[in-house]
Protein chains: 2
Amino acid sequence: MRRTDKHIDYSEDELEMAQFAKALGHPVRIKILMLLESQSCCFTGEMTAMIPLAQSTVSQHLKALHEAGLIQGEISPPRVKYCINRKNWAKARNLFGKFFAEKSAVSP
Amino acid sequence: MRRTDKHIDYSEDELEMAQFAKALGHPVRIKILMLLESQSCCFTGEMTAMIPLAQSTVSQHLKALHEAGLIQGEISPPRVKYCINRKNWAKARNLFGKFFAEKSAVSP
DNA sequence: ATCGCATATCGCAAATAGGCGATAAATGTT
DNA sequence: AACATTTATCGCCTATTTGCGATATGCGAT
């Protein structure tokens, strides 16, 4: 996209939230995270089995979640076990929590 | 992208959350929402003045937020006043709240 | 050294998103 | 009716995302 050299200064929170949100912006990735949440950890293969998408596609979604910091994977050859990244999960919870915090009053 | 005819069945919640998340997946849109939250309502022009992006670009982001149901606009000629859509805001809060709900224990 | 398994990465195609300027649309004002 | 103001939409371009199959990689087992 054509980009100007204007720069917008975003706060850390804004950038971080947008990044988390972006990672959450696809139903498959939501599903994967719910899976990991419900059973703490999971091998890639189990997910690939449950999700009717090509193995390479699932792998890419896992990569996206990993890069966003929402999951972490430890190798357990020949497999990889993915878990929620609890530290960043908490960070995300706080960010979204603050963001959606109930305001005293409602519509003007 | 090449698409198979496989279909994945997503729950309503998964789809809705992904949709909200997608809308939140850009820092400018986070900024806009924070603005609207802080001062209840705002005209497009005020936002355009605060954000160093072309008017048409800001308008598109507003459209995206509107389509995601996060904001609503009422015309007040020749301007348009945008506010948070409280109903869906609450819905989003609930979805994200449930999603990030603290689990009793931590890492295995 | 080779095989087999599970996963990641590559390269491609198609769709979507993000940016802009220019223009259209809506409406109150003169 | 013509104008000014504000916002939305259009067309264009580039970048990113999403999907796939094919291939590479890593590593234990043979």
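The chains referred to below are lettered A, B, ... by the order of the sequence lines, with proteins before strands, and numbering in each begins at 1.
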Judged by atom type as modelled, is there a donor-acceptor pair below 3.5 Å linking the side chain of A/Asn85 to the main-chain atoms of A/Asn88?
-> yes

Checklist entry - Quick check: does any side chain N or O of A/Ser11 sit under 3.5 Å from a backbone N or O of A/Glu14, one acting as donor and the other as acceptor? => result yes

Sorted by chain and residue number, the side-chain hydrogen bond (donor to acceptor under 3.5 Å, both in side chains) partners of A/His61 (sequence neighbours excluded) come out as A/Arg29

Residues passing the side-chain hydrogen bond (donor to acceptor under 3.5 Å, both in side chains) test with A/Asp13, sequence neighbours excluded, are A/Lys98

Quick note, ring-ring contact (aromatic ring centres under 6.0 Å, His included) partners involving residues 32-59 of chain A, not counting sequence neighbours, are none

Between atom [atom1] in [X] and atom [atom2] in [N], what is the gap in whole Å?
| X | N | atom1 | atom2 | result |
| --- | --- | --- | --- | --- |
| A/Leu53 | C/dT7 | CG | P | 16 Å |
| A/Gln19 | D/dT16 | CD | C1' | 14 Å |
| A/Ile75 | C/dA6 | CD1 | C1' | 12 Å |
| A/Ile51 | D/dT18 | CD1 | C1' | 14 Å |

Across all chains, not counting sequence neighbours, the ring pair (Phe, Tyr, Trp, His ring centres under 6.0 Å) partners of A/Tyr82 are none

inquiry  = Taking only side-chain N and O atoms of A/His61, does any of them lie within less than 4.0 angstrom of OP1 or OP2 on D/dG19?
reply    = yes

Residues 66-74 of chain B side chain polar contacts: donor-acceptor under 3.5 Å, at least two apart:
{"from": "B/His66", "atom 1": "ND1", "to": "B/Ile71", "atom 2": "O", "distance (Å)": "3.4"}

In numerical order, the residues of residues 20-36 of chain A whose heavy atoms come under 4.0 Å of DNA chain C are none

So SG of A/Cys83 and CD of A/Gln39: to nearest 0.5 Å the spacing works out to 10.5 Å

Set out, line by line, the N/O atom pairs under 3.5 Å between protein and nucleotides 13-15 of chain D.
{"from": "D/dT14", "atom 1": "O2", "to": "A/Met1", "atom 2": "N", "distance (Å)": "2.7"}
{"from": "D/dA15", "atom 1": "O4'", "to": "A/Met1", "atom 2": "N", "distance (Å)": "3.0"}

Side-chain donor/acceptor pairs under 3.5 Å, residues 47-60 of chain B, sequence neighbours excluded:
{"from": "B/Thr48", "atom 1": "OG1", "to": "B/Thr44", "atom 2": "O", "distance (Å)": "3.0"}

Return all side-chain donor-acceptor pairs below 3.5 angstrom for residues 19-27 of chain B, not counting sequence neighbours, or 'none' if the list is empty.
{"from": "B/His26", "atom 1": "ND1", "to": "B/Val28", "atom 2": "N", "distance (Å)": "3.0"}

Under-3.5 Å N/O pairs linking protein and nucleotides 5-10 of chain D:
{"from": "D/dT7", "atom 1": "OP1", "to": "B/Thr44", "atom 2": "N", "distance (Å)": "3.4"}
{"from": "D/dT7", "atom 1": "OP1", "to": "B/Gly45", "atom 2": "N", "distance (Å)": "3.4"}
{"from": "D/dT7", "atom 1": "OP2", "to": "B/Gly45", "atom 2": "N", "distance (Å)": "3.0"}
{"from": "D/dA8", "atom 1": "OP1", "to": "B/Tyr82", "atom 2": "OH", "distance (Å)": "2.4"}
{"from": "D/dA8", "atom 1": "OP2", "to": "B/Ser59", "atom 2": "OG", "distance (Å)": "3.0"}
{"from": "D/dA8", "atom 1": "N7", "to": "B/Gln55", "atom 2": "NE2", "distance (Å)": "2.9"}
{"from": "D/dA8", "atom 1": "N6", "to": "B/Gln55", "atom 2": "OE1", "distance (Å)": "3.0"}

Assign each of A/Val58 and A/Pro77 the nucleotide of DNA chain D bearing its closest heavy atom; nearer the 5' end lies the nucleotide of A/Val58

When A/Leu36, A/Val80, A/Ile32 are each screened for side-chain contact (heavy atoms from CB on, under 4.5 Å) with A/Cys42, the one that passes is A/Leu36

